[in-house]
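Contents: one structure, followed by commentary.
We name chains A, B, ... by the order of the sequence lines, and we start the count at 1 in each one. Values in this document were obtained by computation on a predicted structure and should not be read as measured data. The figures that follow rest on heavy atoms only: side chains count, while hydrogens, waters and symmetry mates do not.
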Amino acid sequence: MPRYNPATIERKWQKYWEENRTFATPRLPAGEKLYVLDMFPYPSGDGLHVGHPEGYTATDIVSRYQRMRGKCVMHPMGWDAFGLPAEQHAKRTGTHPRITTERNIANFRRQLKMIGFSYDWQRELATTDLEYFRWTQFIFLVLYDTWFDPGEERGRPIAELPIPDEVAAEGEDAVRRYRDEHRLAYQLEAPVNWCPALGTVLANEEVVGGVSERGGHPVVRIPMRQWMLRITAYADRLERDLDLLDWSESIKALQRNWIGRSTGAEVDFFIGSRPAPDGMPSQEEFEQFVVERIQGRGFPSRPGADVLRVYTTRPDTLFGATYMVIAPEHPFVQRLTLPEHADAVRVYCEQASRKSDLDRTDLAKEKTGVFTGSYAVNPVNGKAIPIWVADYVLISYGTGAIMAVPAHDTRDFEFARQYGLPIVAVVDPGDQEGVDRRAVLAGQAPFTGDGTAIASGRFTGLATAEFKKAITEDLEHKGLGRFAVNYKLRDWLFSRQHFWGEPFPVLHELDDQGNPTGRTVALRPDELPVDLPEEMAFDASHDRPEPPLEKAPASWLYVTRDGRRYKRETNTMPQWAGSCWYYLRFLDPHNDKALVDPEVEKAWMPVDLYVGGAEHAVLHLLYARFWHKVLYDRGYVSTPEPFMKLVNQGMILGEMEFTGYQDAAGNWVSASEAKRHPEGLRPVKLDASDVEKREEGFVLKADPNIRIESRAYKMSKSRGNVVNPDHIVRDYGADSLRLYEMFMGPLEAVKPWSMEGVNGVRGFLDRVWRMVVDQHAEQMALNPAVQPLAPSAEQNRVLHKTIKAVTEDIEQMAFNTAIARMMEFVNFFLKQDPRPKSCMETFVLLLSPFAPHIAEELWQLLGHDQTLAYHPWPACDEDALREETIEIPVQINGKLRGRIQVPSDADPEVIDHTARENPRIASYLEGKTVVKTIVVPRRLVNYVLKG
RNA sequence: GUCGGCGUGGCGGAAUAGGCAGACGCUGGAGACUUAAAAUCUCCUCCCCGUAAGGGGGUGAGGGUUCGAGUCCCUCCGCCGACACCA
């Protein structure tokens, strides 16, 4: 009784593939290569989620398809295995994170193998393998050894950094410091985002709205020594090279937005060479300053103590600057504060420093600030304007100081209103829709768009764009300003206070007393790897931002090298580090001489298709591209970009849910009402049979006045709507899981899970099985209808239509429609008796990338003793598609009024003639004048009538 | 607020290049087989009028271009996602 039993055949073929190393990939591609990559998973303790196999099935289909097309496919899998959960587990239980991690990896590996993905498991790697992170540390040394040459726009060895004479004259220490300041990996004492709940410092990117991106815990800012990576040096190239990539415009937009390039000007406002008692720089000094700039020194690369340098994207509004603002952390705060304002300023800055980012960006918040008592002189008109301190100016962007133009900037406008500062319009908006010109000119409303300059000296009358150019050139000429570019992107905070991460290959020198001298040295590549200490006590109390490795055994922590004592760096690298280059290591995972053999790298790179979740659209992809570019500059890789084509799979939500609301007394309340006043209401989960559709939404069957909320939610443990792939495979089979995940809808769409849908595709596979297999036989045998006959013309047409559609759909990654076409094939051939064996064979090949286990089983039954994994993909015979006659619709005034049969190659005259002869059409045309006849061969006929 | 994406039956979704809206699947209904149930098979399933033949309407709303619009253009509404004082 050979019924379709996935449990048996899936195990059988997985064993076959493993024993025969069916999917092993050669060191160098034989023939045309294709590198198909999944974003490797973090092996969490919860195991695989149905979201994982979505992208993995898509890439597996492409991989299997392309192997059959003769491509040499690289398709590896590994583990992004460093991470906080294993460490937190260690704190609770004392189990070493390595143990937990290995256990989780084993579970993930089991689950992925159970779904039948065609990975080359010989290439499996984990970022936590010593032999892997040895090379992560090596890449850190490359970053440490590199400076960015802005002239050549590329990273170069630090030894090639030109040392200015005045630095060289100061001696060896000065040169060392100068180099350290230019490395791509550098240290910085800076306020960091300490998250007490997670026990770590977070990157700026990991803090969203003042709370941690993961878990939503509060974040406070405290100063700490940190490792930073100079990603900002590559901002321009990271933005520009997006043009080389076949990525969706929305992901590119996300990255561009994140990089946030803006252009404008830097301008120096004179504040006097020393503080004046009344805060007012003297007029003579200002004039002297201007003359000096014009005649001699020009615009200094770094601002001196006599100016406040600002960055603006609107140099054309310089004449409208009525005050200035510096960030509370700006180094000039003290110097600019007059004694009578000192208390207020000190209090304000202290408050600002205590505020989390959340408080500082609070939406509804009114703007706050204090006056320093000092003034700066506007270089374009010599007017002195007051300098304020306010936290709406960020120290980390631009120069940390702005010129405020309240008439033409919303934020400045709000602030000026708040503190009664003057508002002077210098841009006339003219007549624009939605702009109250009179209010703008009267300083009663801000206008931030482009217009025509007014009250701007000799620039008056210029259009915004021209003005910007003209005044920037003028300022540049006078040495008072210069063209400037800024980015929202910040340097990458690269150290974490974790145990479970890659140790830095860095030593800190100690003096005779055992105190740090402040000198840092990097290890030599031959001193790698630096492993984590085995013996560690995992301390549950970790409420200070002190790295756990501070408590490592002294034997690990202290190193003597060339007679000097050193202490190891105790920070570790963030989880991103390992995932920044794993795609390179897959190519050559066991190489102990190099991170990747250049010959191998050249042969396989770049990644041709990269599939993963949109949650990595910004950070992972930006970081990986950054590292790749540094490796490119330093000659380790041959391509400027790592990932040519990127596809983001959409999230899979839980099953659709109906929710009604009841008040305390148990009365139903409409969902729309509940949204406005949720107090005291209780959500009640309803069954689909309790609700019905009425007009624009669902209502309670028992009371149609009550509206019901219907939507699918993100899967979560707390909601109890998580679907476990283990259960699906157990109850329906891996092929059904794969097929359903692809049939749900377009790969990139967000879509809800449906158990009934899984059951539906299982029904399809059952039908496929019955189409080929004799269910009534004792042993595996062909269905008696399957005969070694030549197909009829119609059978052949259906077959080749299916080949064509499935092939095109796979090429476009439209897997849902490919499956629909195969369903149509089965619906047709189940009714055919006899069914030509050759049609069955071809169909099995088409099905195999989607449902490889059942396909292999049927292929074997059809008489083949080799895997179909490398069997040539079926070719479509266009001749077989040709039909003798086709049906085309006939319209009258655009309305469908009939159909006619015509020869498929009929020309317009024949079609027109046939249509007019059709009795139904003829009756419509009778007595009317045909004004126009449209005949589209093979498509339709349309008659336009008069009257 | 800014940027990006999306609005099609009871549900998931199809619809080359502007050319028959609703492929395929689910759900629901009717029937066949069966002692019965499951499984399987057949038919129906966008809405309205009509016994039917047929007719009318319909792709978030309104307008436009066109012989013809789900598809192109404009305005608006709604949902989802990202960013959010970046000067």
Side-chain angles (χ1 to χ4, degrees), chain A residues 3 208-209 248-254 256-258 260-262 264 310-314 317 325 360-363 365 367 390-394 396-405 408-412 414-415 448 486-490 614-615 617-618 650-651 655-656 688 691-693 696 698 710-712 740 743-746 748-761 763-764 766-767 770 775 808 812 814 816-824 827 830-831 887-896 898-899 931-934 936 938-945:
Chain A
R3 295 197 34 183
V208 177
S248 73
E249 273 313 308
S250 64
I251 294 290
K252 287 189 187 181
L254 235 44
R256 282 202 188 93
N257 200 285
W258 193 265
R261 184 176 199 268
S262 78
V310 302
Y311 170 72
T312 178
T313 55
R314 291 296 298 271
T317 60
V325 183
R360 279 179 71 157
T361 63
D362 198 357
L363 290 171
K365 192 197 72 169
K367 294 210 168 11
D391 65 6
Y392 82 91
V393 170
L394 309 175
S396 49
Y397 185 80
T399 59
I402 62 155
M403 63 169 198
V405 185
H408 304 292
D409 181 281
T410 319
R411 296 151 302 180
D412 296 343
E414 284 169 17
F415 191 81
T448 57
N486 254 295
Y487 304 94
K488 285 202 254 181
L489 184 70
R490 308 291 152 83
E615 66 273 22
V618 178
M651 206 190 338
E655 296 243 3
M656 184 81 106
V691 300
E692 63 183 345
K693 175 98 182 192
E696 288 308 289
F698 285 88
S710 81
R711 58 171 289 195
Y740 175 65
F743 189 59
M744 291 171 85
E748 302 190 65
V750 176
K751 43 212 176 272
W753 187 265
S754 156
M755 274 310 175
E756 280 157 350
V758 182
N759 199 44
V761 294
F764 164 66
D766 281 323
R767 286 152 64 77
R770 286 199 303 273
Q775 284 220 95
E808 285 174 359
Q812 289 166 41
N816 54 331
T817 49
I819 295 166
R821 297 291 88 85
M822 290 192 280
M823 287 173 168
E824 286 176 8
N827 289 345
L830 268 176
K831 291 180 191 135
E887 186 188 74
I888 62 173
V890 183
Q891 298 181 340
I892 308 283
N893 289 335
K895 283 194 198 299
L896 179 69
R899 295 166 218 277
V931 190
K932 195 167 181 179
T933 304
I934 293 110
V936 185
R938 300 185 64 86
R939 298 248 75 143
L940 63 32
V941 183
N942 186 16
Y943 295 109
V944 185
L945 306 186

*Run the side-chain contact (heavy atoms from CB on, under 4.5 Å) check on A/Asn257 and A/Lys488 step by step: do they pass?*
CA-CA 8 Å; A/Asn257 200 285; A/Lys488 285 202 254 181; 3.9 Å; yes
Under the side-chain contact (heavy atoms from CB on, under 4.5 Å) criterion, do A/Ile402 and A/Tyr311 qualify, and how do the steps go?
CA-CA 6 Å; A/Ile402 62 155; A/Tyr311 170 72; over 6 Å; no
Please evaluate residues A/Trp753 and A/Met656 with respect to the criterion side-chain contact (heavy atoms from CB on, under 4.5 Å), reporting the C-alpha separation (whole Å), side-chain torsions for both, the decisive distance (0.1 Å), and the verdict. CA-CA 8 Å; A/Trp753 187 265; A/Met656 184 81 106; over 6 Å; no
Check: protein-nucleotides 40-43 of chain B nitrogen or oxygen pairs below 3.5 Å:
residue: B/U40; atom: O3'; partner: A/Arg770; partner atom: NH2; Å: 3.2
residue: B/C41; atom: OP1; partner: A/Arg767; partner atom: NH1; Å: 2.7
residue: B/C41; atom: OP1; partner: A/Arg770; partner atom: NH2; Å: 3.4

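Using atom C1' as the reference point in both B/C47 and B/G22, the two lie 13 Å apart (nearest Å). Separation of the P atoms belonging to B/U66 and B/C79 is 35 Å when rounded to the nearest angstrom. Taking atom P in both B/C85 and B/C11, one finds a spacing of 39 Å when rounded to whole Å. For B/C49 and B/G81, the P atoms lie 40 Å apart once the distance is rounded to whole Å. B/C3 and B/A14: their P atoms are spaced 28 Å apart (whole Å). When the P atom is used for both B/C72 and B/C20, the distance is 16 Å, rounded to whole Å. B/G5 and B/A17: their C1' atoms are spaced 23 Å apart (whole Å). Comparing the C1' positions of B/U45 and B/A23 gives a spacing of 15 Å, expressed to the nearest Å.
For the pair A/Glu808 CD and B/A15 P, the computed distance is 12 Å after rounding to whole Å. Distance CD (A/Glu414) to C1' (B/G1): 11 Å, rounded to an integer number of Å. A/Leu896 places its CG atom 14 Å from the P atom of B/A69, with the value rounded to the nearest Å. Computed from coordinates, the A/Arg938 CZ to B/G19 C1' distance equals 14 Å when rounded to whole Å. Across the protein-nucleic acid pair, A/Glu748 atom CD and B/G81 atom C1' stand 14 Å apart, rounded to whole Å. The interatomic distance linking A/Tyr740 (OH) with B/G13 (P) rounds to 9 Å, in whole Å. Atom CZ in A/Arg939 sits roughly 17 Å away from atom C1' in B/C67 (whole-Å rounding). Look at CE on A/Met656: it is 14 Å from P on B/C80, rounded to the nearest Å.
Proximity note for A/Phe743 (side chain, C-beta onward) versus B/U16, B/C24, B/A87: the nearest is B/C24. Side-chain proximity of A/Leu394 to the nucleotides B/C67, B/G25, B/A87 is greatest for B/A87. Distances were taken from every side-chain heavy atom of A/Ser250 (C-beta onward) to each of B/C83, B/A87, B/G4; the shortest belongs to B/G4. Here B/C83 is the nucleotide among B/C24, B/C83, B/G12 with the atom lying nearest to any side-chain atom of A/Asn257. Distances from the side chain of A/Asp391 to the nucleotides B/G12, B/C85, B/A82 place B/C85 closest. Distances from the side chain of A/Thr817 to the nucleotides B/G19, B/A14, B/G10 place B/A14 closest. Distances were taken from every side-chain heavy atom of A/Lys932 (C-beta onward) to each of B/C67, B/C24, B/C20; the shortest belongs to B/C67. The A/Arg711 side chain lies nearest to B/C80 when the options are B/U16, B/C80, B/C67. Here the nucleotide nearest the side chain of A/Asn942, chosen from B/C67, B/G12, B/C24, is B/C67. Proximity note for A/Glu756 (side chain, C-beta onward) versus B/G13, B/C67, B/C26: the nearest is B/C26.
With rounding to the nearest 0.5 Å, the separation of CG in A/Leu940 from CZ in A/Arg899 is 11.5 Å. Rounding to the nearest 0.5 angstrom, the gap separating the CZ atom in A/Phe764 from the CG atom in A/Asn759 is 14.5 Å.
You'll find a donor-acceptor pair under 3.5 Å spanning the side chain of A/Lys367 and the base of B/C85, going by distance alone. Side-chain atoms of A/Arg821 come within donor-acceptor range of the base of B/A23, with a qualifying N/O pair under 3.5 Å.
Pairing of B/C3, defined by two Watson-Crick or G-U wobble distances under 3.5 Å, is identified with B/G81. Pairing partner, B/C33: none, since no Watson-Crick or wobble contact has both distances short of 3.5 Å. Of the nucleotides present, B/C67 is the one that pairs with B/G19 by Watson-Crick or G-U wobble criteria, both distances under 3.5 Å.
A cation-pi geometry, defined here as NZ or CZ lying under 6.0 Å from the six-membered ring centre and within 45° of its normal, holds between A/Lys367 and A/Tyr392.
Residue-level contact check: A/Val405 touches neither bases nor backbone, having no heavy atom under 4.0 Å from any strand. A/Lys895 comes within 4.0 angstrom of the backbone, heavy atoms only, and of no base. Residue A/Gly260 is out of contact with every strand shown, counting any heavy-atom pair closer than 4.0 Å. Counting any heavy atom pair closer than 4.0 Å across all strands shown, A/Ile934 reaches a base atom.
Between A/Ser262 and B/A87 there is a side-chain polar atom (N or O) within less than 4.0 angstrom of OP1 or OP2. Contact check, A/Asn827 against B/A23: no side-chain N or O comes under 4.0 Å of OP1 or OP2. The shortest distance between the side-chain N/O atoms of A/Asn816 and the OP1/OP2 oxygens of B/C24 is not below 4.0 Å.
With sequence neighbours left out, A/Leu830 forms a side-chain contact (heavy atoms from CB on, under 4.5 Å) with A/Arg767, A/Met771, A/Val826, A/Arg835. Legend: residues meeting side chain to side chain donor-acceptor pair (under 3.5 Å) with A/Asn942, ordered by chain and number and at least two apart, are absent.
Side chains of A/Tyr740 and A/Ser754: no donor on one and acceptor on the other come within 3.5 Å.
For the residue pair A/Val310 and A/Thr399, the shortest heavy atom distance occurs at CA-OG1, 3.3 Å. Between A/Met403 and A/Arg314, the closest heavy-atom pair is CE-O, 3.7 Å.
The residue among A/Thr313 and A/Ala820 whose nearest nucleotide of RNA chain B lies closer to the 5′ end is A/Ala820. The residue among A/Asp409 and A/Asn759 whose nearest nucleotide of RNA chain B is located toward the 5' end is A/Asn759.
Using a 90° window around 0 for the glycosidic torsion, B/G9 falls inside it and is classed as syn.
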